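Below, each value reflects all heavy atoms present in this structure, side chains not excepted, and no hydrogens, waters or symmetry copies. As the structure is a computational prediction, the values presented were derived from the model and not from experiment.
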Amino acid sequence: MIIFTACGGDSDGGVTASEAPSPTIKDKNGKKVVVTEVGTSYRNFYTYNYRKNGKLESIVFGEEDKIFTVDKDKFIIKGNINWDGITKDEIVLKASLTSLGFISALECTVKSSDKSDRDYENFEGEYELNFDYDSNGHLTKITGEVEGMYSGMEDGEKYRCDIDGKYNYDIKWSNGKMMSYNRNASGKEEMGGEKNNYKDGTDADIEYHKIKNTSKQYSYYMSQALFGDILGDFYILEALAVAGLFGKGPDYLPKQISEYGFEEDDFEGNDEWNDKWVLSFDQNSNGTINYEQNGNSSYNRVYFIYDNAASKAKATRSVSEDKSKEQKKRSINRFFKRHRKAHK
C-alpha cells in the first residue's frame, strides 16, 4: 500500500502555504479588477466569491455542489465534487505565492471513487507542481511529479495499479507574446506483475490578433489549452489562471492556438492527435475581456463578469444541469494514466 503524505508542511520540507490570494488583474488605468463570473449565456463555468478583505474565498464550478473553498488565512484549497452521484472526488491543494501574488508551487492530494453497478474504481494520489516566472511576470516553466494507486473491481475481478510520473512544461515568450509551449510527460504503471511505460507530449504554436491585451489576462480558452492536461477534470488550475494567479498573460489577445500531440504506450501502442482554437474577442471600455469566442458559433462564446460597472455582459445566467461534453473531453488527464482493460 502506498502511503500518501498530507498536502505539504514545514516539517517535511513541503510547500509552505502563503496567505490567501488576492486578484492580480489590472485594467488599462492600473486599477485592480476582480473577476466574479466566467461562463456562457446558458451556463456558468466559474463563480468567484471573495471575503470583505478582498481575499479569494471560494470558486464554484457550475452547480452549487462543485465548490472549492479557500482557507481564510492560508492558501489551502479544498474541493469535494460529486459527478452525478457516480464519481466522487476530493482534492486538497496547498500553494505558495511569489512576491507578486502568483502561484510558485502546489502540493495536492487527490482521492476519487467511481462506482457503477458491480464495478468500482478508487484512486489516491499526490502531486507536486512548481511554476517559474521571468522578470516580466510571465510563466515560463511547469515541472511536476505524481504518485498514485488505482484499485477496484471490473467484471467481478479485483485489480490494483500503481503509477508514478514526471511532467515538464517549457513556455517560450517573445516581445510580450507567448509564442509556444512544449509539454512532455513520462511514467510507469505496474499492475498484476505487469509493467507499462508511457510517454506523451504536446507542441503548441500561438498566433495573435493586433488587439492589445491591456489587462494582461489569461483568456478562458487559453487557460484551458495551457493547464487542461495537469489535474484533469478538476479545472481548478484553469480557474486560478483566469483569476490572474499564474502570472501575466500576453500583451496581445490570441488569435489561434494549434496543438500537436503524441502518446507512446507499451500496452496500447502509439497515437497522435491535434487540436485547434480559433479565437475572437470583445473588450470592455477599461480594456478587460468582455467575451471570448471559439470558432464561429456563439454557443462557444464565454463572458467575463467583474465587480465593477465596466462589464457589458449580463451578470445573471441560467445554469445547465449537464456538464459540457466538449469541456469534459478536452480535459482528459494525460499526466497519469487510468486503469484500462488492456492491462489485464
Side-chain angles (χ1 to χ4, degrees), residues 6-10 14-27 30-39 44-61 66-81 91-110 127-144 171 213 215-220 222-224 226-228 230-231 234-249 288-289 304-308:
C7 224
D10 297 335
V15 171
T16 300
S18 300
E19 64 178 29
S22 298
T24 64
I25 298 172
K26 294 182 180 180
D27 65 17
K31 180 181 178 181
K32 184 175 289 188
V33 293
V34 177
V35 179
T36 56
E37 293 181 52
V38 176
N44 278 7
F45 294 148
Y46 318 135
T47 300
Y48 302 87
N49 298 304
Y50 300 87
R51 295 186 170 86
K52 291 182 179 180
N53 62 1
K55 303 290 185 180
L56 184 64
E57 181 177 27
S58 65
I59 304 175
V60 182
F61 289 70
K66 298 175 177 63
I67 302 175
F68 286 85
T69 58
V70 184
D71 185 271
K72 66 178 182 179
D73 297 317
K74 298 291 185 179
F75 196 174
I76 300 175
I77 302 175
K78 297 180 180 180
N80 291 278
I81 301 178
I91 183 170
V92 179
L93 301 94
K94 187 173 183 179
S96 62
L97 298 173
T98 69
S99 59
L100 296 177
F102 306 143
I103 295 173
S104 60
L106 282 172
E107 287 189 355
C108 322
T109 54
V110 176
Y127 297 79
E128 293 184 2
L129 300 168
N130 292 283
F131 306 87
D132 297 337
Y133 302 86
D134 62 20
S135 59
N136 295 313
H138 296 141
L139 181 64
T140 58
K141 194 175 188 65
I142 305 171
T143 55
I171 305 167
N213 180 20
S215 54
K216 304 294 191 295
Q217 293 173 261
Y218 273 107
S219 70
Y220 171 79
M222 192 171 200
S223 71
Q224 288 285 310
L226 192 58
F227 295 97
I230 301 179
L231 291 181
F234 289 108
Y235 310 124
I236 184 64
L237 300 189
E238 297 93 311
L240 294 172
V242 169
L245 294 174
F246 281 115
K248 295 180 180 180
T288 56
I289 297 173
F304 289 66
I305 306 297
Y306 306 89
D307 69 344
N308 54 60

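- Taking the six-membered ring where tryptophan is involved, the planes of Phe227 and Tyr218 are perpendicular, since the angle between them exceeds 60° and thus also 30°.
- Listed by chain and residue number, Asn49, Arg51 satisfy the side chain to side chain contact (heavy atoms under 4.5 Å, CB included) test with Glu57 (two or more places apart in sequence, or in another chain).
- Two residues are said to be in side-chain contact when any heavy atoms from C-beta on lie closer than 4.5 Å; Leu106 and Val15 fail this criterion.
- Here Ser96 pairs with Ser104 under the side chain to side chain donor-acceptor pair (under 3.5 Å) rule; sequence neighbours left out.
- Residue Ile305 holds its CD1 atom at 10.0 Å from OG1 of Thr47, rounded to the nearest 0.5 Å.
- Ser18 and Leu97 make their closest contact through OG-N, 2.7 Å (heavy atoms, listed as atom of the first residue, atom of the second, distance).
- Distance check, rounded to the nearest 0.5 Å: CG of Asn130 to OG1 of Thr143 gives 4.5 Å.
- Nearest heavy atom pair, residue Ile142 against residue Ile230, reads CD1-CD1, 4.1 Å.
- Proximity of Phe102 to Lys248: side-chain heavy atoms (C-beta onward) are separated by under 4.5 Å at one or more points.
- Under the rule for a ring pair (Phe, Tyr, Trp, His ring centres under 6.0 Å), the partners of Phe68 that lie at least two apart in sequence or sit in another chain are Phe61.
- Residues that satisfy the ring pair (Phe, Tyr, Trp, His ring centres under 6.0 Å) test with Phe131, not counting sequence neighbours, are Phe246.
- Residues forming a ring pair (Phe, Tyr, Trp, His ring centres under 6.0 Å) with Tyr50 (at least two apart in sequence, or on another chain): none.
- Considering every non-hydrogen atom in both Val34 and Pro23, the closest pair reads CG2-CG, 3.7 Å.
- The CD1 atom of Ile236 sits 4.0 Å away from the CD1 atom of Ile59 when rounded to the nearest 0.5 Å.
- Shown here are the side chain to side chain contact (heavy atoms under 4.5 Å, CB included) partners of Thr69, two or more places apart in sequence or in another chain: Ser58, Ile67, Lys78.
- Applying the ring pair (Phe, Tyr, Trp, His ring centres under 6.0 Å) criterion to Tyr48, with sequence neighbours excluded, gives no partner residue.
- To the nearest 0.5 Å, the span separating CD on Glu107 from NZ on Lys94 amounts to 7.0 Å.
- Put simply, CG on Leu240 and CD1 on Ile77 are 5.0 Å apart, with the number rounded to the nearest 0.5 Å.
- Applying the side chain to side chain contact (heavy atoms under 4.5 Å, CB included) test to Lys55 and every residue at least two apart in sequence or in another chain returns Glu19, Ala20, Ser22, Asn53.
- Surrounding NZ of Lys141 are more than 12 heavy atoms belonging to other residues, nucleotides or ligands, all under 6.0 Å away.
- A donor-acceptor pair under 3.5 Å is absent between the side-chain atoms of Asn136 and the main chain of His138, judged by distance alone.
- For Ser215, the side chain to side chain contact (heavy atoms under 4.5 Å, CB included) criterion is met by Ile25, Asn213, Gln217, Thr288, not counting sequence neighbours.
- Taking the side chain as every heavy atom from C-beta outward, Ile103 and Phe75 approach each other to under 4.5 Å.
- More than 12 non-hydrogen atoms from other residues, nucleotides or ligands lie less than 6.0 angstrom from NZ of Lys216.
- For the side chain to side chain donor-acceptor pair (under 3.5 Å) test, no residue two or more places apart in sequence or in another chain qualifies with Ser223.
- Remark: Leu237 CG to Leu245 CG distance equals 11.0 Å, nearest 0.5 Å.
- When the side chain to side chain donor-acceptor pair (under 3.5 Å) test is applied to Lys74, no partner is found at least two apart in sequence or on another chain.
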